[in-house]
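A quick write-up on the structure given underneath.
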Amino acid sequence: VEWSWMAICASAGAVLNLNNSTRTMDGTGTTNSPHAIYFCQNNKLNLTNSTLEIKNYANDALEWDGGDGGYNINLTNSTFISDHNRSGFTGTFWVKATDSDIQVINSTGNGANGSHFNFTNCEVNFSDNGSHGLSAGALIIDHSTVTTNNNTGMGITVNNGLQITNGSVVTVEGNASNTGYGYAAVRLYNNFDFLVDKTSKLSIKNNNNTGLYVRQGNLTVEDGADLEIMNNTVTHTLLDGYGGGLYVGYGDNYDPTVTLPADAKIYNNHALIGGDDIYISQGITGPSATFGPVGSDWVLDDCNDPIDGWYDDSEGTRWKAHDEDPNAELHMVVESGFVAGETQKLTGLHSLKAAHGLLHTVTTSIDNSGSINGDGQYLHGTDVQVTFNPADGYKITSVTVNDTAYDYHWDSTLNAYVVELPDLSADMHVVVTTKRDSDSGGGGHHNPPKDDDDDDEPADEPEEDIPEEE
């Protein structure tokens with residue numbers, strides 16, 4: 001260490017160039033908590049076909065002096081690694097990287113702290129940092145892979161604009177584990193435009209607070225983009241306890257807009273107070289979110305039942321389909337108007353959960369080894385058929401539903417007897433009893449009923465009166 005508090009100082013106007021070289025800076029054993037490289041305005045750090053690794057500094061890998069001059073870092077076909085320093089990028093740098101590998105990992109503080117990043121054809125990893133991961137002013141991700149996992153603060157936070165384009169893949173998982181922070185896994189903070197284009201993927205999963213928080217501005221995720229916001233869980237009320245998946249707005253301030261593709265996957269998120277999957281705040285005239293219906297293959301992790309719609313999940317009337325509640329239907333109010341393949345715009349206060357309606361259970365039994373089908377759980381209002389056949393040599397003696405005699409009929413197409421339970425509105429227990437059919441001689445099959453037309457025997461003709469001969 002050249003000075004007690006830094007290893008390298010770039011004085012005002014200085015340019016540091018690494019061309020076709022490899023440099024490692026290791027702060028192990030240093031005292032006085034030094035920085036690795038300190039910049040003093042109007043500086044450039046240029047890496048071309050080179051590798052710079054900075055590790056084990058008690059202070060920052062790259063640190064600015066807090067001035068208003070330019071602080072520029074340019075990487076071309078190079079590798080930059082910051083490993084186990086206090087921070088990787090501290091201050092407002094302009095970082096432009098092309099065909100490069102950037103790793104900011106294991107920081108004791110933030111991975112970055114508000115620099116502007118422009119990544120083109122890069123592999124980027126801001127993971128396992130002790131506070132925020134990729135904290136940016138403006139963030140451009142062009143044909144790049146960006147991973148921000150397991151940061152105790154936010155995975156990605158953007159204060160200016162965001163662009164994710166040209167087949168980029170952004171993964172944000174396992175962040176926001178510090179319950180002292182009221183932060184989301186991805187936060188879009190100020191009044192800018194944010195874009196995920198139709199060729200790119202954004203996956204926000206398994207985080208410990210709101211997945212995606214759009215406080216201000218306008219977010220557009222184009223049709224064709226792959227958007228996943230799943231399995232995120234709000235663990236405290238520092239962000240009000242709402243919006244496990246998507247949170248739009250901020251109280252009665254601001255009116256951001258969010259436009260998502262019809263096939264965006266937003267489900268199996270959880271919030272403490274309301275809006276497990278989507279929360280839209282009150283705003284001034286009303287923030288809005290435009291999105292599509294639930295997916296046909298979505299399954300609710302609360303109960304492993306199929307998801308069939310967007311349901312109200314407001315505080316005080318949260319979705320509850322499995323509680324023994326006489327007012328259960330009040331907790332299953334579906335948001336209507338969604339059509340497969342199309343989007344719908346909701347404006348103003350909404351708390352939603354991708355879930356299912358009230359379920360009823362159908363149970364069945366038949367004696368003497370007969371066969372019966374139809375057990376299961378069904379949505380309220382479903383038309384249910386229970387089919388059955390007595391065992392060979394047995395005939396039906398009774399059919400009851402909830403201990404009351406019930407009609408049944410033979411269906412030649414199904415080759416079975418059928419009990420119809422239309423518009424299911426309660427749990428049902430279907431019981432079929434049988435006895436040995438004496439006409440069968442103790443063996444053979446039961447005989448289904450015959451239609452009147454099934455008798456092939458000709459009718460007897462009436463005898464004619466023949467007059468006696470005289």
Side-chain angles (χ1 to χ4, degrees), residues 294 296-309 320-329 331-332 334 355-466:
V294 301
S296 60
D297 58 348
W298 295 6
V299 175
L300 191 62
D301 64 0
D302 301 61
C303 53
N304 292 321
D305 292 320
I307 291 170
D308 67 21
K320 292 188 291 186
H322 296 277
D323 291 359
E324 295 296 330
D325 187 337
N327 299 311
E329 291 185 47
H331 300 281
M332 281 157 291
V334 69
H356 60 73
L358 184 63
L359 293 174
H360 301 297
T361 301
V362 174
T363 54
T364 64
S365 67
I366 188 171
D367 58 9
N368 296 315
S369 301
S371 63
I372 192 166
N373 297 286
D375 292 74
Q377 287 192 313
Y378 300 89
L379 286 169
H380 183 85
T382 301
D383 295 335
V384 177
Q385 280 190 336
V386 174
T387 60
F388 66 92
N389 278 309
D392 291 350
Y394 286 80
K395 65 181 181 180
I396 303 161
T397 58
S398 69
V399 174
T400 63
V401 175
N402 292 351
D403 299 320
T404 300
Y406 204 88
D407 291 337
Y408 61 97
H409 63 272
W410 174 257
D411 189 308
S412 58
T413 302
L414 298 175
N415 196 34
Y417 292 95
V418 176
V419 173
E420 304 281 0
L421 303 174
D423 194 21
L424 200 64
S425 60
D427 292 346
M428 296 290 180
H429 184 48
V430 180
V431 178
V432 179
T433 58
T434 63
K435 70 175 182 180
R436 189 173 292 279
D437 185 355
S438 58
D439 293 339
S440 72
H445 297 282
H446 65 275
N447 294 318
K450 282 187 176 183
D451 295 332
D452 291 342
D453 311 349
D454 289 344
D455 194 346
D456 294 332
E457 295 295 325
D460 293 334
E461 296 182 2
E463 295 183 358
E464 295 182 8
D465 291 332
I466 302 175

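Under the side chain to side chain contact (heavy atoms under 4.5 Å, CB included) criterion, Asp423 pairs with Asp383, sequence neighbours left out. In this structure Asp411 satisfies the side chain to side chain donor-acceptor pair (under 3.5 Å) test with no other residue, sequence neighbours excluded. Legend: residues meeting side chain to side chain donor-acceptor pair (under 3.5 Å) with Thr387, ordered by chain and number and at least two apart, are absent. Taking the side chain to side chain donor-acceptor pair (under 3.5 Å) definition, one finds that Asn373 meets it with nothing, sequence neighbours left out. With sequence neighbours left out, Ser398 forms a side chain to side chain donor-acceptor pair (under 3.5 Å) with Thr433.
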His356/Leu300 under side chain to side chain contact (heavy atoms under 4.5 Å, CB included): CA gap, chis, key distance, verdict: CA-CA 8 Å; His356 60 73; Leu300 191 62; 4.0 Å; yes
Check the pair Val386, Val362 against side chain to side chain contact (heavy atoms under 4.5 Å, CB included), reporting the backbone distance first and the verdict last. CA-CA 9 Å; Val386 174; Val362 174; 4.1 Å; yes
Test log, rule side chain to side chain contact (heavy atoms under 4.5 Å, CB included), inputs Lys435 and Thr397: CA-CA 7 Å; Lys435 70 175 182 180; Thr397 58; 3.4 Å; yes
Show the numbers, then the answer: is there a side chain to side chain contact (heavy atoms under 4.5 Å, CB included) between Tyr417 and Asn389? CA-CA 6 Å; Tyr417 292 95; Asn389 278 309; 3.9 Å; yes
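By the 4.5 Å heavy-atom criterion applied to side chains, Asp437 and Tyr394 are not counted as neighbours. Side-chain contact between Val430 and Thr363: absent, with no pair of heavy atoms (C-beta onward) separated by less than 4.5 Å. Leu421 is not listed as a side-chain neighbour of Gln385, based on a closest heavy-atom distance of 4.5 Å or more. Within the 4.5 Å cutoff, the side chain of Phe388 has heavy atoms near those of the Ile396 side chain. Side-chain contact between Ser412 and Trp410 is present, with at least one heavy-atom pair separated by less than 4.5 Å.
Summarising the geometry, atom CG belonging to Leu359 is positioned 7.0 Å from atom SG belonging to Cys303; distances are rounded to the nearest 0.5 Å. In this structure, NZ in Lys320 is found 12.5 Å from CG in Leu358, a value given to the nearest 0.5 Å.
Between Gly357 and Asp308, the shortest heavy-atom contact is N-OD2, 3.5 Å. Leu414 approaches Val418 most closely through the heavy-atom pair CD1-CG2, 3.8 Å. Minimum heavy-atom separation, Ile307 to Val299: CD1-C, 3.8 Å.
Residues Thr434 and Asn368 bring a donor and an acceptor atom of their side chains to less than 3.5 Å of each other.
Aromatic ring orientation, His360 versus His380: tilted (interplanar angle from 30° to 60°).
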Could you give the side-chain donor-acceptor pairs of residues 399-409 under 3.5 Å, partners two or more places apart or in another chain?
residue, atom, partner, partner atom, Å
Asn402, OD1, His429, N, 2.8
Asn402, ND2, Asp427, O, 3.2
Tyr406, OH, Glu420, O, 2.9

